[in-house]
Amino acid sequence: MLQSRKIVLLEANEIPFRIFDRYVANHDASALARHLPACRQYMTFAIDSGHLSPWVTWPTLHRGVSNDEHKIRAFGEDLTEANEKFPPIWELLNRGGVKTGVFGPLHSWPLPERPERFDFFVPDTFANTPECYPDELTSFQRFNLAMARKSPRNVSSEVDWKSAVQFMVRAPALGLRPKTVMELASQLIQERTLPWKRIRRRTFQPVLAFDLFMKQLERHRPAFSNFFTNHVASSMHRFWAAIFPDEYDALELGEEWQEQYGGEIDFCMAWTNDFFERLTSFADQNPEYLILVASSMGQAAASGKRIATQLYLRKPERLLAKAGVGEGEWERRPSMEPAVSLYVAEHRCDEFRSFLNRMEIRGEAVYFDEKDGGFFDLHFGQTNLQADEAFASVDGAPVPFAELGLESVELEDEAGSTAYHVPEGTLFIYDPQNRERRAQPRPRLDTIEIAPALLTHFGLDVPPYMRKPSSFRIVEAR
């Protein structure tokens with residue numbers, strides 16, 4: 001292996017340059033404003049076919065092949081075959097002798113065999129179990145998973161106190177900063193007078209995680225590490241219309257809504273700026289490092305419709321029982337609701353499939369995807385159902401939602417996807433050894449080119465299934 005510059009990859013999910021540029025224009029003293037003009041910048045492009053989702057496009061970036069090859073379509077599915085054929089970049093680097101640390105990239109659960117091969121390994125927030133390496137991080141992951149499960153759409157005011165106490169006892173030694181604790185306390189106080197600000201709790205989960213990531217980064221100094229965050233993506237989906245109202249032909253979300261939520265994307269971006277500032281300061285002190293900030297795709301304006309309710313499967317045991325699948329014959333896996341990931345005993349798959357095929361909501365078939373091994377990925381999420389529509393039909397006969405475990409949930413922010421996924425994303429590279437301002441043409445870079453470029457950077461062979469390295473290099477030729 002060649003001696004190469006070390007890399008930290010900040011996986012800033014779905015943030016397009018449109019949002020970075022807006023933040024820079026409005027915050028000229030920020031780290032992004034100071035450093036972005038000296039960064040090499042590329043417009044990434046997701047070449048994946050069909051519906052673009054992060055659980056599809058991040059495996060493409062990580063594995064160097066499109067979804068037509070890796071075939072990953074949902075959270076919770078068995079990745080054994082995909083991992084054997086197209087291992088993620090952290091696994092390839094680690095096998096090649098590159099010291100590697102992993103913190104939260106999508107599809108990183110379960111822990112790999114012999115996790116001690118890695119400097120640290122924290123699976124993503126859709127992990128089915130909380131195990132991490134080193135084990136001291138497991139208390140954080142247990143708390144992280146518990147809180148994520150409580151707030152799939154509306155943010156719950158509840159706290160899983162058992163896991164919270166277990167984590168907080170260990171938190172200072174894990175790297176949690178007093179500043180973060182004070183910010184979190186301020187957040188909880190603000191919620192007392194402005195309850196709608198509970199939505200900001202989504203942001204504090206990656207904020208807590210980033211403190212712990214920095215502690216591991218500073219302790220181990222891996223040659224490659226990555227950290228995933230979704231907090232801006234979540235806010236853009238809901239509140240894009242609050243900052244770009246003119247991009248909609250018909251916007252049902254009025255001025256009062258826009259005023260209330262107009263600062264939410266900036267609030268999230270301020271924390272992204274904080275992450276970037278801490279990483280660039282670390283690189284300035286350790287100039288062997290490069291900082292890469294990337295997204296696997298982006299977002300753009302979508303629907304300006306007011307969404308009062310959305311349909312969720314809250315008690316899947318009722319749906320499965322109706323389909324003839326009994327207790328002990330199925331298992332739920334974490335997913336991004338309103339999608340639901342299930343494993344059904346193989347001898348019950350025919351019955352379950354048949355039931356789903358005979359089920360309709362609002363006269364439309366229920367969409368689901370199925371893979372070998374009994375895996376089902378169900379999609380609900382129907383919006384603005386009226387009181388007289390609170391039923392599905394099976395074989396043409398009405399069945400109340402409650403009997404199927406379905407619930408039409410009121411959305412506090414009344415926003416669905418005011419922005420949605422587009423292929424164009426972001427990559428920029430901060431090099432503390434080259435801070436000259438430069439012209440920024442932002443050439444297109446397909447996301448499948450990033451994994452082979454990382455392998456080439458560390459002097460490792462590029463597998464034949466990956467696209468051969470293009471002119472793109474991690475370190476700029478000088």
Side-chain angles (χ1 to χ4, degrees), residues 11 13-14 46-63 65-88 104-111 123-129 145 148-149 152-153 228 230 233-234 237 295-297 299 310-314 316-317 319-320 323 325 329-346 348-349 352-353 355-357 359 361 364-382 405-406 416-417 420-421 423 447-448:
E11 298 182 356
N13 190 38
E14 300 173 24
I47 66 168
D48 301 286
S49 61
H51 185 81
L52 293 179
S53 293
W55 48 89
V56 171
T57 58
W58 277 110
T60 295
L61 186 151
H62 291 148
R63 297 163 194 262
V65 295
S66 76
N67 63 331
D68 292 326
E69 295 179 84
H70 65 64
K71 301 186 186 306
I72 297 172
R73 301 196 292 262
F75 287 125
E77 64 183 87
D78 187 348
L79 299 179
T80 301
E81 183 175 355
N83 288 342
E84 289 176 354
K85 289 183 176 179
F86 312 112
L106 297 188
H107 297 296
S108 51
W109 182 86
L111 278 180
D124 61 70
T125 55
F126 298 94
N128 201 39
T129 57
L145 299 183
R149 305 296 180 263
R153 184 52 177 87
F228 174 87
N230 185 60
S234 176
H237 277 309
S295 67
S296 65
M297 59 180 172
Q299 290 189 29
Q310 192 167 27
L311 190 64
Y312 288 83
L313 181 61
R314 286 294 168 85
E317 64 276 10
L319 176 69
L320 286 134
V325 182
E329 294 182 318
W330 64 278
E331 177 188 359
R332 185 171 187 173
R333 289 291 177 85
S335 61
M336 188 175 289
E337 293 188 304
V340 178
S341 295
L342 301 170
Y343 277 93
V344 176
E346 293 197 39
R348 292 297 188 196
C349 286
F352 189 52
R353 184 188 314 109
F355 183 85
L356 294 175
N357 282 328
M359 181 177 170
I361 296 174
E364 296 182 352
V366 172
Y367 175 76
F368 68 95
D369 191 18
E370 182 181 1
K371 297 187 82 169
D372 291 343
F375 179 78
F376 287 83
D377 177 35
L378 314 182
H379 290 257
F380 295 99
Q382 290 83 352
L406 293 164
S417 291
Y420 206 65
H421 307 141
T447 55
I448 61 170

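In what follows, every heavy atom counts, from backbone to side chain, and hydrogens, waters and symmetry copies are set aside. Here the structure is a predicted model, which is why all the values come from computation and not from measurement.
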Trace of the side chain to side chain contact (heavy atoms under 4.5 Å, CB included) decision for Tyr343 with Asp78:
CA-CA 10 Å; Tyr343 277 93; Asp78 187 348; 3.4 Å; yes

If the threshold is 4.0 Å, N to carboxylate O, is there a salt bridge linking Glu81 and Lys85?
yes

Any chance you could lay out the side chain to side chain contact (heavy atoms under 4.5 Å, CB included) test for His379 and Asp377, step after step, and finish with the verdict?
CA-CA 7 Å; His379 290 257; Asp377 177 35; 2.8 Å; yes

Compare all side-chain heavy atoms of Leu79 with those of Ile72 and state whether any distance is below 4.5 angstrom.
yes

More than 12 foreign heavy atoms under 6.0 Å from CD of Glu329: is that the case here?
yes

Between Pro59 and His70, is there a side-chain heavy-atom distance shorter than 4.5 Å?
yes

Are the side chain of Thr447 and the backbone N or O of Ser296 linked by a donor-acceptor pair below 3.5 Å?
no

Partner set under side-chain contact (heavy atoms from CB on, under 4.5 Å) for Ser295, not counting sequence neighbours
Thr44, Thr426

Side chains of Asp68 and Ser49 only: does a donor on one sit below 3.5 Å from an acceptor on the other?
yes

How are the rings of Phe228 and Trp58 set to each other: parallel, tilted or perpendicular (split at 30° and 60°)?
perpendicular

Atom of Ala74, atom of Trp55 and distance for their closest heavy-atom approach
CA-CD1, 3.6 Å

Any donor-acceptor pair under 3.5 Å linking the side-chain atoms of His107 with those of Glu77?
no

Is Glu337 salt-bridged to Arg332, cutoff N-O under 4.0 Å?
yes

Do the non-hydrogen side-chain atoms of Asp369 and Phe376 ever get within less than 4.5 Å of each other?
no

Check whether any side-chain heavy atom of Glu14 sits under 4.5 Å from a side-chain heavy atom of Thr57, and report yes or no.
no

Could you walk me through whether Leu106 and Asn13 pass the side chain to side chain contact (heavy atoms under 4.5 Å, CB included) test, one step at a time?
CA-CA 10 Å; Leu106 297 188; Asn13 190 38; 5.6 Å; no

Determine the minimum heavy-atom distance between Asp124 and Trp109, stating which atoms define it.
OD2-N, 3.8 Å

Any residue meeting ring-ring contact (aromatic ring centres under 6.0 Å, His included) with Phe368, in chain and number order, not counting sequence neighbours
none

What are the two closest non-hydrogen atoms of Thr60 and Asn67, and how far apart are they?
OG1-N, 3.6 Å

Can you check whether Leu319 reaches Leu313 side chain to side chain, under 4.5 Å on heavy atoms?
yes

Leu320 vs Leu342 side-chain heavy atoms within contact, under 4.5 Å
yes

Side chain to side chain donor-acceptor pair (under 3.5 Å) between Gln299 and His421, worked out:
CA-CA 4 Å; Gln299 290 189 29; His421 307 141; 5.0 Å; no

Can you give me the closest heavy-atom contact between Ser53 and Met297, atom names plus distance?
C-CE, 3.4 Å

Begin with the C-alpha distance, continue with both residues' side-chain angles, and end with the deciding distance and a verdict on side chain to side chain contact (heavy atoms under 4.5 Å, CB included) for Leu378 and Val366.
CA-CA 8 Å; Leu378 314 182; Val366 172; 5.6 Å; no

Could Arg314 and Tyr312 be counted as a cation-pi pair, given that NZ or CZ must be under 6.0 Å from the ring centre and within 45° of the axis?
yes

Any Lys/Arg nitrogen of Glu331 or Arg333 sitting under 4.0 Å from an Asp/Glu carboxylate oxygen of the other?
yes

Side-chain (Lys371) to main-chain (Lys71) donor-acceptor, under 3.5 angstrom
yes

Phe380: partners by ring-ring contact (aromatic ring centres under 6.0 Å, His included), with sequence neighbours left out
none

For Gly374 and Cys349 the tightest heavy-atom approach is CA-SG, 3.6 Å

Under a 4.5 Å cut-off applied to non-hydrogen side-chain atoms, are Met336 and Phe126 in contact?
yes

Can you tell me how far the CZ atom of Phe375 sits from the CZ atom of Arg73, to the nearest 0.5 Å?
9.0 Å

Heavy atoms of Ala46 and Leu52 approach each other most closely as CB-CD2, 4.4 Å

Pro423 and Ile47, any side-chain heavy atoms less than 4.5 Å apart:
no

